[in-house]
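Given the structure is predicted, the values throughout are model-derived calculations rather than measurements. Note that ligands are numbered from 1 as they come in the structure, with each ligand's atoms numbered from 1 the same way.
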Amino acid sequence: MTRPPYLDPELSPQARTDDLIRRMSVEQQIGQMVQADGRYDAVAQVEAQRVGSFLHILGDSTVELQKLAERTGLGIPLIFGIDAIHGHGFWPGAAVFPTQLALSCSWAPELVETMGRVTAKEMLCTGLHWTFSPVLCLTRDLRWGRVGETFGEDPHLLGVLGQAAIRGYQGDDVSLPDSVLACAKHFAGYSETVGGKDATEAELSERKLRTYFLPPFHEAVKAGCRTFMTAYQCIDGVACAANHWLLTELLRDEWGFDGFVVTDWDNVGRAHKMQGLYPSVDAAVPDCVHAGNDMIMVTPEFFEAALANVANGRLDKADVELAARRLLHAKFALGLFDHKRYPPLERAADVVGCTAHRQPLLDAALQSAVLLENRHVDGEPTLPLRPSVRRIAVLGPNADDTLAQLGDWSFGSGQAGLKTGSHPRSSVVTVRDGIESRAAREGIAVDYAQGVTILGNDTSGVAHAAALAANADVAIVVVGDTLEQVGEECDRSDLELGPNQQALLEAVKATGTPLVVLLINSKPLCIPWIAENADAVLELFNPGMRGGEAAAALLFGDSAPSGRLSISFAKHLGQLPVHYQRIPGWHGSKHGHYDDEPLYTFGYGLTYTTFEYSDLRLEQTRVPRGRDVRAEVTVRNSGQVAGVEVVQVYVNDVYTSLSTPSKTLRGFERVSLAPGESRRVTFTLSAEALSFVGRDGTLVLEPGEFELMVGSSSRDQDLKRVRFELT
Ligand code: NOJ
């Protein structure tokens, strides 16, 4: 028997898709569009519906199902997807990195790319082809449960880091068996639902979408991201899942995306069941397919509903064929028909969590931590710890909590309870572990007490913890949030630490022992008391498997903190939103006694040295329209130890015909400097970086006065300014 063209690896994915699609019935094409939950009746779903994809399965089961799919019908392989969000977190012992929010504070795309590479390699050993990552939602409402899954609040930083993650996952070429597909999600505006209420309505004009929320996704397309995931919520009344403008006119026609789109979990069903947009799931199907969704994630009714809709003419066969074509093309491109990608399960133990993959875990945690306060006590900074420290009290609910340290999308989070597994205890170095082993090297004594839990109302452990603090040279108190307060369906109405943690902190403070606060939390909390009372504050967010080792290295001064906030902290919930890209014009500039200044602002972070900026110069102060703007600045390490500065460049078009924020980040660079060393740092800004979005959605470049700001954070006092005119 001759081999059909679609099985010929010498032909292009396009030619193979053309051949295969001709051989398929509409029923088989619809089957390709189904992504099913692999935990239930997977075999039956392959046999009955010829489903095209599964999620939520790993290892041996992927092999069994793939073999079954090969024997069934035309032998079209399955594609397996998983939420490998900051590491392959649902496989025991895999390298779990800091969460996206933590990683984004490194402002280090190389680190994010490495996270993607390591994750791809570990996924491939366990049968997975596709990760539902990165999240490119831009966070402004801190009440939202999923803040920690994002890269923070700035479109430019999100775009740069998103591209890095995509490069890491997909490698140089997705046909090579060391790459997995990336997925830019949740498209779009999902983080901006009113009141931070997950998946409700986002009140977004097209101009606001295009200014802040869409640019990171556009960057993902430019980086060759192969898949997109549709967001849950509605924008101006239209469910993203049924939004033809968003998924087709913008994404494909305007931006040129040529991959495939997957819905989020039961998006199509929810348009009926939860959003009240259709009287039945059947009724939702034609719009959702026509809008541009190619694969339908876990809507159990979809297969039958799509068939019925084709039969009664409401669903166009051409829409089905188009979706199936895109999905098959991706399978050919991945090489699934050829080298099959059967996982080398026997090698998984050697690859997953191997030494080479654990080194970047430490680098990532070190570079992501942000030093927020470092006060002088007796004339010297609190950190790094002094040689006179001989006894340390390590206290607090997150000092020795492996789940809080790993964060969401690892075992223990809402998406996978502990029932499904856990990471070996030895793979996680908590803050307590890290400090104990570092202190032991110098014969320093360490006492530990949890003191309190985060939730509940038991403060009986506070007195003991305070006694340990009283007896120590320094108290390190690790507070934050717990996974029960984080993730999907876990929005918060307050951002306080809660009474237990507050009682612990106040009792330790009352002992008079220097107080160092470490924060392990999914998102910025309202911590004005800590800002005022702690002698030093180090924000770790969820720092991953080697977070405790990194914390110890930073506390002892083996490394210097180099993270900068990718998101602003509010002093009080009522102050929201506090992101730095504010539109000017607020009368009075106050909410009661809280002014417009965040507690800690985007871009901010301290280290163990200081930097001076001087001689900010422009190549030209009158710049012809369309020409790049070039600027230079000298940055000098003016302190006693080596350090890393994140040089940030912001632009303001001083007078615009439409309201625009008075600062927009347009560039940044991490610069490593020895004590006394200076570097001339140069920046080039394109015409696009000087533009804003007009009322019709296109970019507008208006001649006139501009301000360029360069410095160490988005705060006014940290920026040098220079003006130029666009002619
Ligand atoms: C729902 C979440 O919104 C999405 O981020 C995730 O990828 C899917 N579930 C699959 O688990």
Side-chain angles (χ1 to χ4, degrees), residues 34-40 42 51-58 79-91 99-101 116 119 123 128-139 144-151 158 162 165-166 169 180-193 196-200 202 216-217 220 225-234 239-241 260-271 273-275 293-300 302 407-417 420 483 486-491 522:
V34 175
Q35 182 176 61
D37 182 346
R39 291 170 299 182
Y40 311 104
V51 303
S53 175
F54 284 103
L55 80 170
H56 286 340
I57 57 162
L58 294 136
I79 180 167
F80 297 109
I82 197 160
D83 291 289
I85 300 294
H86 47 109
H88 189 21
F90 293 141
W91 185 271
T99 49
Q100 267 195 218
L101 187 64
T119 305
M123 286 171 65
L128 279 306
H129 311 132
W130 173 27
T131 175
F132 306 131
S133 174
V135 171
L136 298 180
C137 302
L138 176 143
T139 298
W144 186 45
R146 307 188 69 173
V147 172
E149 292 182 52
T150 74
F151 284 134
L158 258 77
I166 292 159
Y169 293 134
V180 295
L181 299 186
C183 182
K185 72 182 189 185
H186 309 82
F187 193 55
Y190 175 48
S191 48
E192 191 65 358
T193 46
K197 294 177 183 164
D198 192 30
T200 57
F217 287 101
C225 188
R226 292 290 181 134
T227 79
F228 264 56
M229 186 185 291
T230 310
Y232 273 134
Q233 92 293 353
C234 294
C240 289
F260 72 84
V261 175
V262 62
T263 69
D264 202 340
W265 185 282
D266 198 19
N267 248 3
V268 177
R270 287 178 192 206
K273 294 174 225 167
M274 297 183 73
Q275 292 171 304
N293 293 294
D294 304 307
M295 185 177 280
I296 312 299
M297 182 192 286
V298 194
T299 293
F302 174 75
D408 209 6
W409 295 108
S410 186
F411 296 114
S413 55
Q415 296 81 11
T420 52
L483 288 190
V486 175
E488 288 182 67
E489 301 173 27
C490 284
D491 308 320
S522 68

* Structure fact -> A student checking ligand 1 against Tyr232 at a 4.0 Å heavy-atom cut-off should list atoms 1 (C), 3 (O)
* Decide whether the shortest distance between a heavy atom of Glu149 and an atom of ligand 1 is less than 4.0 Å. => no
* Parallel, tilted or perpendicular, as decided by the 30° and 60° cut-offs, for the rings of Trp130 and Phe132 -> perpendicular
* Contact (N/O only, under 3.5 Å) between Lys185 and ligand 1 -> yes
* To do: Pick one of side chain, backbone, both or neither for how Gln35 approaches ligand 1, counting any non-hydrogen atom pair under 4.0 Å.
  => neither
* Asked: Near Glu488, which atoms of ligand 1 are under 4.0 Å from a heavy atom of that residue?
  -> 1 (C), 2 (C), 3 (O)
* Structure fact -> Taking only non-hydrogen atoms of Leu55 and a 4.0 Å limit, the atoms of ligand 1 in range are 10 (C)
* From CG (Leu158) to CZ (Phe217), nearest 0.5 Å -> 8.5 Å
* Is the closest side-chain donor-acceptor distance between Tyr190 and Asp264 under 3.5 Å? -> no
* Test item: side-chain donor near acceptor, Ser133 and Tyr169, under 3.5 Å -> yes
* To do: Output the list of atoms in ligand 1 that are nearer than 4.0 Å to some heavy atom of Phe132, sorted by atom number.
  => 7 (O)
* Asked: Hey, looking at atom 1 (C) of ligand 1, which of Asn267, Asp264, Val135, Asp83 has the closest heavy atom?
  -> Asp264
* Would you say His186 has any N or O atom under 3.5 Å from an N or O of ligand 1, going by distance alone? -> yes
* Should Phe302 and Met295 count as side-chain neighbours, where that means a heavy-atom distance under 4.5 Å? -> no
* Asked: With distance as the sole criterion, is a donor-acceptor pair present between the side chains of Thr193 and Trp144 under 3.5 Å?
  -> no
* Side-chain donor-acceptor contact under 3.5 Å, Thr263 with Thr230 -> no
* Asked: Mind checking whether Arg146 has an N or O less than 3.5 Å away from an N or O of ligand 1?
  -> yes
